[in-house]
Amino acid sequence: MHWSDVIAERLAQGGNDHIIATGITPSGEFHIGHLREILTGDMITRAAQRAGLNAELVFVVDNADPLRKVYPFLDASYEEFIGHQLGAIPAPDKDGKPDWERFENEGWSYGDHFLAPFLEALKQIGVEPRLIPNLTSYREGNFASSAKKACDDPGAIREIIERVSGRELPKDWFPWQPLDSKGSLDGLTITGYEYPFVMWTDQYGESGQSDITKGEGKLPWRLDWPAKWGFNNITCEPFGKDHGAAGGSFATGVEIAAFFGHEPPQSLVYEWISLRGKGAMSSSTGNTVGPIEALRLVPPEILRLLIANSKPNKAIEFDTGMGLVNLADEYERLSSRDFAEELSSDELSRRQRVQIEDAQAALRLSMVSAGEQAEATSVSFRHLALLAQIKPNDDGIWSSLKESGAISGPSSVLSDRLTRMRAWIESKHFPEEMRIVILNQPDEEALSGLDDEQRKVIPHIAAEMESAEWTAEGITQAFKNAALHAEAPMRTMYRACYAMFMGSERGPRLAPILANCIREDVCMLARACSARLS
RNA sequence: GGGCCUGUAGCUCAGUCAGGUAGAGCGUCGGACUUUUAAUCCGAUGGUCGCGGGUUCGAACCCCGUCAGGCCCGCCA
């Protein structure tokens with residue numbers, strides 16, 4: 001059974017109505033790792049809906065969290081906002097400076113700035129969750145009841161956190177963080193509590209009171225999370241392994257939720273995504289691939305497959321090079337399979353059956369719109385990568401594919417894929433081994449690997465190139481002439497060609513590629529090869 | 001110190017929850033297609049399932065131990 005169905009089955013035991021939650025702090029640029037959070041939630045939601053449950057995906061935007069530090073992409077002036085809530089400070093402009101104008105006129109905040117492009121990417125990838133801005137939840141008083149319980153009995157909360165997490169809380173710890181006179185959550189001292197007010201003094205010597213029913217502060221993370229489960233009616237939440245460690249925030253959250261008087265959600269811990277060879281992604285080190293950037297290269301369904309086809313506890317190494325080619329070809333293979341037919345065989349072992357069912361579920365979850373049928377394009381990623389490099393314009397590709405009988409016409413899926421393919425080829429991520437390169441000087445090693453028969457053709461090829469009509473057809477004719485004059489079979493001739501022009505033993509059809517090269521360059525290379533052997 | 005995950009074919013990984021003859025893709029090698037879009041098709045190759053014990057008629061799978069790698073335990077998906 002697919003992992004999403006396993007969770008859906010568990011949810012079904014707990015009732016019919018479910019809210020699956022995901023949550024991210026918009027402290028910097030979003031990356032592929034965040035996509036796992038959302039997609040994991042999305043896939044659970046789809047599985048639950050398929051199982052007949054009433055399920056909704058929500059995305060809690062943790063914009064009540066404070067800015068922790070001045071990240072490298074921020075101007076030094078952000079120093080004054082450290083400790084301030086992400087939804088309550090201006091967004092950085094293109095120079096990393098606070099954009100006060102937009103903040104004051106439109107309320108465009110730091111959190112909005114980073115959230116917006118991520119939401120755009122989510123839309124492309126077929127995920128449109130209901131948004132719950134956490135700062136708004138505070139201001140509307142949704143945290144009031146939990147906050148009251150915690151402030152009424154700080155000892156009980158302290159006991160839970162200290163026992164479960166095994167760490168000791170400071171003596172002056174209090175389960176509410178007020179905003180100080182400048183709007184920061186840092187450096188305050190709690191001086192008293194009388195519902196609904198928490199009294200404080202800040203580092204500037206100012207003092208005041210914070211109304212816990214109006215969002216004049218926030219709950220510390222370990223309370224914030226379980227409180228949200230309650231008023232948002234969360235029944236299921238996937239989260240990263242960082243929260244899942246023993247004594248981590250989920251463990252304390254379970255008990256704190258009970259103290260608040262509600263059930264914790266069904267949990268699912270997932271592993272992180274790292275960049276191949278570069279370690280974990282992190283916004284602050286700049287070691288990221290953004291969802292937008294990824295979508296420029298990869299069709300959304302293939303990005304979805306990456307998540308759907310990996311069990312949540314499996315660490316994923318995101319590879320924008322060859323790994324992507326393999327993933328895309330895997331998608332092609334899956335979409336051309338007839339699962340119903342495979343499953344109808346009664347000679348399947350339990351294992352085989354499970355494998356087929358999982359592949360089927362993974363493909364289904366990869367669709368951008370739920371319920372859509374996968375469409376096999378019958379053109380592999382590899383093949384398309386070749387064509388895109390050989391043919392400068394798209395029409396040439398379609399007619400070539402039509403000629404070979406692969407397609408009857410360009411489908412929208414395919415032309416969309418081609419657009420991304422071209423972006424990929426131009427990006428730094430495109431793998432060298434896929435890149436078609438015509439040599440500019442003879443490759444000694446390749447030439448010396450030829451036998452006498454093959455060498456014999458080279459001068460003829462060089463000669464024919466000089467006079468060939470410079471089109472794919474003309475060059476093909478020149479090749480034939482060369483073989484004819486050398487009295488060699490075409491196979492031998494081609495072997496010599498690849499050694500001459502690409503330094504390899506085999507390759508893609510040469511004539512169309514050469515036709516797109518500058519004639520004089522090709523002729524010079526051919527003459528040089530010929531001279532090298534004489 | 002506490003905890004989690006991973007270890008299966010040259011590579012990437014399924015398979016472990018419900019024990020029942022070791023799987024897929026890629027790669028490699030060979031062949032076909034009588035001249036090739038790294039194509040396609042067919043075939044072959046390939047594993048003491050990290051290691052040691054235990055339970056069992058039977059263990060990759062369950063239990064105990066052990067080694068190795070990665071990670072979490074202020075914040076982070």
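Here is how names work: the chains are called A, B, and so on, in the same order as the sequence lines, proteins then strands, and each is numbered from 1.
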Using the [atom1] atom as the reference point in each nucleotide, state the distance between [N] and [M] in Å, no decimals.
N	M	atom1	result
B:C13	B:C75	C1'	33 Å
B:C33	B:C42	P	15 Å
B:C4	B:C63	P	13 Å
B:U12	B:G7	P	12 Å
B:C61	B:U55	P	15 Å
B:G53	B:U6	P	24 Å

*Can you name the ring-ring contact (aromatic ring centres under 6.0 Å, His included) partners of A:Tyr138, sequence neighbours left out?*
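Partners of A:Tyr138 by the ring-ring contact (aromatic ring centres under 6.0 Å, His included) criterion, ordered by chain and then number, come out as A:Phe143.
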*asked:* Ring centres under 6.0 Å, that's the criterion: do A:Phe479 and A:Tyr494 meet it?
replied: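 Under 6.0 Å, so yes.
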_Please pick, from B:C75, B:A77, B:A14, the nucleotide with the shortest atom-to-atom distance to any side-chain atom of A:Tyr270._
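From the listed options, B:A77 comes nearest.
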Can you tell me if the side-chain N/O atoms of [X] get under 4.0 Å from OP1 or OP2 in [N]?
X	N	value
A:Asn313	B:C4	no
A:Thr25	B:A77	yes
A:Lys314	B:A14	yes

*Specify the closest pair of heavy atoms between A:Phe381 and A:Pro299, including all atoms of both residues, with the distance to one decimal.*
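Heavy-atom minimum between the residues: CZ-CD, 4.1 Å.
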_I need the minimum non-hydrogen distance between A:Thr45 and A:Gly41, along with the two atoms involved._
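Minimum heavy-atom contact is OG1-O, 2.7 Å.
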*May I ask you to check if A:Lys218 and A:Trp176 form a cation-pi contact, with NZ or CZ under 6.0 angstrom from the six-membered ring centre and within 45° of the axis?*
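No, A:Lys218 does not lie over the aromatic ring of A:Trp176.
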*Select base, sugar-phosphate, or nothing to describe what A:Arg36 touches, counting heavy atoms under 4.0 Å on all strands.*
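Nothing: the residue A:Arg36, judged by heavy atoms under 4.0 Å, touches no strand.
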*Quick one: label A:Gly323 by what it contacts on the DNA or RNA (base, sugar-phosphate, nothing), any heavy atom closer than 4.0 Å.*
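Here A:Gly323 touches no strand at all.
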N/O contacts under 3.5 Å, protein versus nucleotides 35-39 of chain B?
unit_1	atom_1	unit_2	atom_2	d
B:U36	O2	A:Tyr498	OH	3.4
B:U36	O2	A:Gly507	O	3.1
B:U37	OP2	A:Arg509	NE	2.5
B:U37	OP2	A:Arg509	NH2	2.3
B:U37	O4'	A:Arg509	N	3.2
B:U37	O2'	A:His383	NE2	2.8
B:U37	N3	A:Ser400	OG	2.7
B:U37	O4	A:Ser400	O	3.1
B:U37	O4	A:Ser400	OG	2.2

*Tell me, do A:Glu9 and A:Met1 make a side-chain contact under 4.5 Å, heavy atoms counted?*
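Yes - at least one pair of side-chain heavy atoms lies under 4.5 Å apart.
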*asked:* Is it true that A:Glu330 and A:Asn326 share a donor-acceptor pair across their side chains at a distance under 3.5 Å?
replied: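 Short answer, no.
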*Between A:Lys311 and A:Gly247, name the one whose nearest nucleotide on RNA chain B is closer to the 5' end.*
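Result of the comparison: A:Lys311.
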